[in-house]
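Only one structure is covered here, and it is reproduced in the block below.
Just so you know, ligand 1 is whichever comes first in the structure, and atom 1 is the first atom listed for that ligand.
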Amino acid sequence: MEKFIINGGKKLKGTIEVRGAKNDALVILASALLTSKPVYINRVPDIEDIKRMSELMDKLGVKVKRLSYEKYKIVANKIKSTIIDREIAKRLRASILLTAPLLARMGRVDFPHPGGCVIGERPIDVFLDGYRALGANVEYKDGVYSVSAKKLKGTKFVFGSVSVTGTEAMIMAASSAEGTTILKNCACEPEVESLADFLNNCGAKISGAGTPKIIVRGIKNLNGGDHTTIPDRIEAGSFLILGAVSGSSLKVNKCEPEHLDSLLNVLEKSGAKIKVNKSSIEVSSSGLRSVNIKTKEYPGFPTDLQAPLCVLLTQAEGQALVHETIYEGRLSWTEELKRMGASILSLDPHRIEIKGPTTLRGREIESPDIRAGMAYIVAALCAEGESIINNVYQIDRGYEKIEKRLQKIGADIKRV
Ligand code: EPU
């Protein structure tokens with residue numbers, strides 16, 4: 001089992017580049033099943049979740065070829081199975097994204113409850129309700145959902161919960177349904193808009209993506225297409241937080257500042273100095289103040305940045321309330337942060353209070369999920385002494401060769 005060994009306390013300096021967004025690349029990969037024509041995806045990050053998704057698609061008979069380091073070609077002209085592999089799906093929540101194009105193209109899909117990060121209850125009711133609204137029949141037996149429909153039919157559907165992958169799934173399913181689908185209470189995340197842009201380039205008729213109301217006019221045959229993944233806003237945000245909390249001077253390059261407004265707001269309130277350029281952001285700081293945060297759907301403060309921001313709050317002057325509104329299990333990682341020396345009071349599963357600044361001390365830690373894993377790296381880089389982070393698979397799921405990229409800006413981190 002690989003681990004990271006980190007010696008904290010060093011000032012970092014220089015430029016770090018952001019990779020393509022994991023959650024954009026994953027949905028575009030899945031959407032390639034909607035067409036029998038080739039799909040090309042540029043700027044795909046070299047991360048474990050992409051490998052798992054490729055393996056899942058391979059088992060369905062889809063040809064996924066890595067043409068060069070960052071470029072993939074996908075051809076789904078002969079789908080040979082509609083059963084999503086149980087073992088891989090257990091490791092990847094995004095496996096649920098494959099259900100929509102399989103249902104739309106093949107009229108059937110069988111799949112287990114998806115796994116992925118253990119951050120709280122992650123139901124799939126909105127997917128099932130959505131497919132039913134499009135005319136599908138849903139059955140559940142021995143741990144397998146079977147969804148089938150001779151033909152999907154356009155409908156009006158209001159999401160019971162605002163769901164990113166749920167919105168993406170309904171866009172995909174509706175894009176080849178008969179007639180028009182009106183979706184309300186949709187997620188507005190940039191990854192949703194990016195998916196709609198890609199599908200529209202392939203001939204789909206989707207309007208309103210990026211707003212709560214999306215209209216999809218179903219079409220018969222979707223073409224292939226070419227897509228460049230949007231920059232990973234969560235990776236960019238994590239690097240900005242790292243720069244601010246470690247009192248370093250960093251430039252985060254190849255990012256989309258527009259997608260980071262809520263974080264930039266919080267960082268500025270905390271006293272960090274931010275300079276926004278067209279596709280890069282510079283950060284530096286000397287002395288941070290506490291800021292209350294509440295995670296929200298986009299354009300609110302992203303739940304995926306809650307963990308690294310908590311690390312920043314341990315180094316900020318004053319008391320901050322962190323309210324995680326999306327997942328009830330996404331604050332439990334802070335127990336280890338407390339053992340590193342943070343002063344954190346748990347109020348309930350959704351809320352903690354952090355008092356700062358406190359000195360963090362290096363420890364041996366287990367990475368529980370992608371984002372908490374990144375937060376432990378940030379904490380270890382700010383801590384006194386050595387930290388060991390085990391279970392780095394969780395970090396490799398979402399961040400490409402993170403140790404190599406951090407070494408380039410002066411971090412003392414190695415993989416053993
Ligand atoms: N929800 C339901 N029913 C559903 C689906 C969701 O009640 O059928 C609830 C969830 O329990 C949660 C809320 O809706 O409280 C939001 O969940 P959402 O469905 O939006 O999450 P997701 O689509 O499964 C995506 C990202 C996550 C990110 C969330 C929130 C992908 C592949 N995953 O998950 O990313 O945290 O949106 O922004 O796009 C990560 O990258 O580390 C990650 C966990």
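- Salt bridge status for Asp85 with Arg91: absent, with no side-chain N to carboxylate O gap under 4.0 Å.
- Counting only heavy atoms of the protein, atom 5 (C) of ligand 1 lies nearest to Pro123 O, 3.3 Å.
- For ligand 1, the atoms sitting less than 4.0 Å from at least one non-hydrogen atom of Arg122 are 22 (P), 24 (O), 34 (O), 44 (C), numbered in the order shown with element in parentheses.
- Within the structure, the closest approach of Ala187 to ligand 1 does not fall below 4.0 Å when heavy atoms are considered.
- Nearest to atom 29 (C) of ligand 1 by heavy-atom distance, out of Phe127, Tyr298, Phe159, Tyr327, is Tyr327.
- Using a 4.0 Å cut-off between charged nitrogen and carboxylate oxygen, Glu2 and Arg415 count as a salt-bridge pair.
- In terms of protein heavy atoms, atom 33 (N) of ligand 1 is closest to Asn23 ND2, 3.6 Å.
- Residue contacts with ligand 1, taken as heavy atom pairs separated by less than 4.0 Å, do not involve Glu168 at all.
- For ligand 1, the atoms lying closer than 4.0 Å to a non-hydrogen atom of Ile124 are 8 (O).
- The nearest protein atom to atom 19 (O) of ligand 1, hydrogens excluded, is given as Ser163 OG, 2.6 Å; this is a heavy-atom distance.
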Take Tyr131 and Thr99, measure what side-chain hydrogen bond (donor to acceptor under 3.5 Å, both in side chains) needs, and give me the verdict at the end. CA-CA 10 Å; Tyr131 297 155; Thr99 61; 2.7 Å; yes
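- For atom 1 (N) of ligand 1, the choice among Gly300, Ser161, Ala21 with the nearest heavy atom turns out to be Ser161.
- A heavy-atom distance below 4.5 Å is not found between the side chains of Glu55 and Ile50.
- Within the 4.0 Å heavy-atom criterion, both parts of Val164, backbone and side chain, lie near ligand 1.
- For the ligand labelled ligand 1, residue Glu328 lies outside the 4.0 Å heavy-atom shell.
- Salt-bridge annotation for Glu256 and Arg233: absent, with no side-chain N of the basic residue lying under 4.0 Å from a carboxylate O of the acidic one.
- Near Thr303, the atoms of ligand 1 lying under 4.0 angstrom from a non-hydrogen atom of the residue are 30 (C), 36 (O), 38 (O).
- Taking both residues in full, the closest heavy atoms of Leu264 and Pro257 are given as CD1-O, 4.3 Å, listed atom of the first, atom of the second, then distance.
- The heavy atom nearest to atom 42 (O) of ligand 1, considering only Glu191, Arg371, Gln394, is found in Arg371.
- Under 4.0 Å is where a charged nitrogen must lie from a carboxylate oxygen, and between Arg108 and Asp110 at least one such pair does.
- Rounding to the nearest 0.5 angstrom, the gap separating the CD1 atom in Ile16 from the CZ atom in Arg19 is 8.5 Å.
- Shown in contact with Thr165 at under 4.0 Å from a heavy atom are these atoms of ligand 1, numbered in order with element: 22 (P), 23 (O), 24 (O), 31 (C), 32 (C), 39 (O).
- With respect to atom 3 (N) of ligand 1, the closest heavy atom belonging to the protein is Asp125 OD1, 2.7 Å.
- Atom 44 (C) of ligand 1 has its closest protein heavy atom at Arg330 NH2, 3.6 Å.
- In this structure, atom 24 (O) of ligand 1 lies nearest to the protein heavy atom Arg93 NE, 3.0 Å.
- Taking a cut-off of under 4.0 Å to the non-hydrogen atoms of Ile326, the atoms of ligand 1 that pass are 12 (C), 13 (C), 15 (O), 16 (C).
- A donor-acceptor pair shorter than 3.5 Å cannot be found between the side chains of Arg363 and Tyr376.
- Ranking the protein heavy atoms by distance from atom 36 (O) of ligand 1 puts Asp304 OD1, 2.6 Å first.
- You'll find the side chain of Lys184 stays beyond 4.5 Å of the side chain of Phe159, heavy atoms only.
- Counting heavy atoms under 4.0 Å from ligand 1, residue Met53 does not touch it at all.
- Using a 4.0 Å heavy-atom cutoff, Val162 is listed among the residues neighbouring ligand 1.
- Electrostatic pairing of Lys3 and Glu366 does not count as a salt bridge here, judged by no charged N lying under 4.0 Å from a carboxylate O.
- Counting all heavy atoms, side chain and backbone alike, Gly410 lies closest to Lys10 at O-CD, 3.6 Å.
- Of all non-hydrogen atoms in Phe127 and Gly166, the two that sit nearest each other are CZ-N, 3.4 Å.
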